[in-house]
Amino acid sequence: MPTIGHAYLSNKEIDIITNLFRFRSGTALQLTYILEPALVETDSGLSSAQNGYTGRVKYIAKILNGLTKKGLVAIFKVIHTPKYVYYLTQEGLNTAYTILEIEEHSAMIAGGWEGDYGYFDYSLYKPTQDRFAHHDLTIHFQILMMHYAGVYQYNYDWIDNRYASTEFAVKSGKTTKRFFRPDGEFKIIRPGHQDHYWLEVDMSTERGEKLADKFETYRQYLDYVTEGIKFDEANDTPNSIMFHSAASYIQKRWTSVLVAFISRMGEYASLVNLRLTNNTTLNEAVSAEINKYQLLDKLKSNLKKYLLQESGFKGVLNQNVFIKLLPKDELILGNWSPNLIIVENSDLTNQVLFFENYDGYESIGLARTIDFYKKFKTLTIGKSDKITDVIPVLCYYDNKVNELPFKGTLLEKETRNIFSKLIFHDVKNNLWFDGQTNQPILNNPLMYRSH
């Protein structure tokens, strides 16, 4: 049993102190799952009674109470609940610094990734009870993501807002200093892929201008970090936002969040993917993120069987299935490449089929569809008199959202025409549906909207 400072600590006690340092607090149940994520089941409540791990939780609680007696851990009770929350005392925090070999100068250089932890004043460590619900939901999110790392076989790393927050400059006449404060960042790492996300933990209390202002700050920060370079050249900048909400009414919340995002993110709405989740839908969101790479390959495979004269297809294609735009047109779009197929109608006019992802509550396919439609006439392909329509095809792998989220919003009028000929495509099962009636399309879907 090693001696740390004045205390004799077991390896389990060291593990608990280390995790209380990283997570800033935790209940006995949460710490049980943090130490053994495989024990988590997919129930959103992380209930020990349902999962049958009461003995393990009592064991961790006993160790926590022992650390409390040693003066390393403090405890508070959450108002109106039976929940007891543990966190490090000042002496406990100093003990964590000793265990992790952290010195004061570390605060200036630490990034938080891969165990590169920083030194923070106790006031920045200690969880505040007035924002405890927000902090508790953040811990819940991290526990579920650690569990899904085992389910979907990815490596997971994350940092909290102390590392993710930064100061930046806004230039509008004069330079103004602003703070960019996401609730954290995380990475999903698999062979050949590393996906980097910002985390926003949403208590569903922000609406209207206050919600829109959050994304205005994102846009200003992205202007700052991409000044003079392309978005994909901004080193170690996430290209997705996971918006994890306390709201149970996920469809209604999605409408509010998405409209605020599209209205304030400017060109970045087509470059940064926003995904809304809650504790119940997080598994679906993670599944969609894992499947997004094979979705495009499966889509191409599905399309090839329809790109035949025998199937009634008359159009333009190449060996990569999709039409490639001119570089100057991609520049107009903001340096992203649309997935397009051109269909020839019986009267020799053409339609453009525009394929994008909409696998669960994610924004980028909707935002790109709107952006492409608005800019179409300025593109070389859009200046052809032969092209009469742009047909959006929204593709999903597992998570179909039947209803578009614009009804009753400021975007309803301008999106009504854009999505009037919408087609949904279940890529996994190669099924196609009319986006207005939700009826299955039984003939060649590429020719479904032709005339």
Between Ser165 and Arg162 (side chain of the first, backbone of the second, donor and acceptor by atom type, cut-off under 3.5 Å), is there such a pair? no
Which heavy atom of Ala28 sits nearest a heavy atom of Thr32, and at what distance? O-OG1, 2.7 Å
Sub-3.5 Å donor-acceptor pair from the side chain of Glu233 to the main-chain atoms of Lys230, do we have one? yes
Using a 3.5 Å distance criterion without hydrogens, assess whether the side chain of Thr89 forms a donor-acceptor pair with backbone atoms of Gly71. yes
Please say whether more than 12 non-hydrogen atoms of neighbouring residues, nucleotides or ligands are located less than 6.0 Å from CG in Leu326. yes
Please tell me whether Tyr373 and Asn417 have a donor and an acceptor in their side chains that are separated by less than 3.5 angstrom. yes
Separation between NE2 (His425) and CZ (Phe355), nearest 0.5 Å, reads 7.5 Å
Shortest non-hydrogen pair, His244 vs Leu199, comes out as CB-CD1, 4.3 Å
Salt-bridge test for Asp223 and Lys171: reply yes if a basic N is under 4.0 Å from a carboxylate O, no otherwise. no
Atom pair OG1 (Thr68) and OH (Tyr86), whose distance is rounded to the nearest 0.5 Å: 6.0 Å
Judged by atom type as modelled, is there a donor-acceptor pair below 3.5 Å linking the side chain of Thr415 to the main-chain atoms of Ile418? no
Centre-to-centre under 6.0 Å for Tyr97 and Phe21, is that the case here? yes
Scan side-chain atoms only and decide if Glu356 and Thr369 contain a donor-acceptor pair under the 3.5 Å cut-off. no
Do Arg253 and Asp202 meet the salt-bridge criterion of a basic N to acidic O distance under 4.0 Å? yes
So which of Asn279, Val201, Leu276, Thr281 actually passes side-chain contact (heavy atoms from CB on, under 4.5 Å) with Ser245? Leu276
Sidechain N-carboxylate O distance under 4.0 Å for Lys407, Glu412: no
Taking all atoms of both residues into account, what is the closest heavy-atom pair of Leu93 and Leu88, and its distance? N-CB, 3.8 Å
Any cation-pi pair here, Lys400 with Phe433, using under 6.0 Å and within 45°? yes
When you look at Arg56 and Tyr33, which way does the side chain to side chain contact (heavy atoms under 4.5 Å, CB included) test go after all the steps? CA-CA 10 Å; Arg56 284 185 175 91; Tyr33 288 140; over 6 Å; no
Apply ring pair (Phe, Tyr, Trp, His ring centres under 6.0 Å) to Phe132 and Tyr87, showing your working. CA-CA 12 Å; Phe132 175 73; Tyr87 62 97; over 10 Å; no
Value for OH (Tyr396) from CG (Asn429), rounded to nearest 0.5 Å, stands at 8.0 Å
Within 45 degrees of the ring normal and closer than 6.0 Å to the centroid, is that where the cationic atom of Lys187 sits relative to Trp158? no
Ignoring hydrogens, what is the shortest heavy-atom contact between Ile323 and Ile341? Give both atom names and the distance. CG1-CA, 4.4 Å
Could you check whether Tyr249 and Ser204, counting side-chain N and O atoms only, form a donor-acceptor pair closer than 3.5 Å? yes
Cation over ring, Arg181 on Phe179, under 6.0 Å and within 45°? yes
Rounded distance [0.5 Å steps], CG in Leu379 versus CG in Leu333: 5.0 Å
Search all heavy atoms of Pro127 against all heavy atoms of His135 and return the closest pair with its distance. CB-CD2, 4.2 Å
Say whether, by atom type as modelled, one donor and one acceptor occur between the side chain of Asn65 and the main chain of Ala61 under 3.5 angstrom. yes
Row check, Tyr221 ring normal vs Arg178 NZ/CZ: under 6.0 Å, within 45°: no
Nearest-0.5 Å distance that lies between atom CG in Leu366 and atom CG in Asn357: 10.5 Å
Test of ring centre spacing under 6.0 Å for Tyr293 and His193: yes
Can you confirm whether the side chains of Asn302 and Lys298 place a donor and an acceptor under 3.5 Å from each other? yes
Hey, do the aromatic rings of Tyr218 and Tyr268 have their centres closer than 6.0 Å? no
Partner of Asp213 under salt bridge (charged side-chain N to carboxylate O under 4.0 Å, His left out), chosen from Arg219, Arg207, Arg264: Arg264
Any chance the side chains of Gln142 and Tyr156 put a donor and an acceptor closer than 3.5 Å? yes
Looking just at side-chain N and O atoms, do Asn283 and Tyr152 make a donor-acceptor pair shorter than 3.5 Å? yes
I'd like to check Lys374 versus Ile370 (side-chain heavy atoms, cut-off strictly below 4.5 Å). Are they in contact? yes
Taking C-beta and beyond as the side chain, do Arg190 and Gln153 meet within less than 4.5 Å on heavy atoms? no
For the residue pair Phe354 and Phe372, is the inter-centroid distance of their aromatic rings smaller than 6.0 Å? yes
Give a yes or no on whether the backbone of Arg24 and the side-chain of Tyr125 come within a donor-acceptor separation of less than 3.5 Å. yes
For Phe231 and Val272, run side chain to side chain contact (heavy atoms under 4.5 Å, CB included): C-alpha distance rounded to whole Å, both residues' side-chain angles, the deciding distance at 0.1 Å, then the answer. CA-CA 10 Å; Phe231 175 78; Val272 175; 3.7 Å; yes
Derivation of the side chain to side chain contact (heavy atoms under 4.5 Å, CB included) call for Leu271 and Asn239: CA-CA 7 Å; Leu271 300 171; Asn239 61 3; over 6 Å; no
Rounded distance [0.5 Å steps], OH in Tyr197 versus OG in Ser240: 5.5 Å
Judged by modelled atom types alone, do Asn273 and Glu362 share a side-chain donor-acceptor pair under 3.5 Å? yes
Sidechain N-carboxylate O distance under 4.0 Å for Asp359, Lys292: no
When every non-hydrogen atom of Val257 is compared with those of Leu274, the smallest separation belongs to CG1-CD2, 3.6 Å
Determine yes or no for a side-chain-to-main-chain donor-acceptor pair under 3.5 angstrom, with Glu101 supplying the side chain and Thr98 the backbone. no
Ignoring hydrogens and geometry, is there a side-chain-to-backbone donor-acceptor pair from Gln294 to Asn291 under 3.5 Å? no
Determine whether Tyr148 and Leu144 satisfy the following criterion, side chain to side chain contact (heavy atoms under 4.5 Å, CB included), listing intermediate values before the conclusion. CA-CA 6 Å; Tyr148 294 136; Leu144 287 174; 4.0 Å; yes
Got a salt bridge between Glu91 and Lys70, using NZ or NE/NH1/NH2 to carboxylate O under 4.0 Å? no
Ignoring hydrogens and angles, tell me if any N or O in the side chain of Lys177 forms a donor-acceptor pair with the backbone of Ala169 under 3.5 Å. no
Option among Asp15, Asp160, Asp157 that satisfies the salt bridge (charged side-chain N to carboxylate O under 4.0 Å, His left out) test with Arg22: Asp157
Would you sort out whether Trp198 and Phe180 count as a ring pair (Phe, Tyr, Trp, His ring centres under 6.0 Å), showing the intermediate values? CA-CA 11 Å; Trp198 281 297; Phe180 177 61; 5.5 Å; yes
Any sub-3.5 Å donor-acceptor pair from Glu289's side-chain atoms to Val286's backbone N or O? no
For a quick check under 3.5 Å, do Glu185 and His196 share a side-chain donor-acceptor pair by atom type? yes
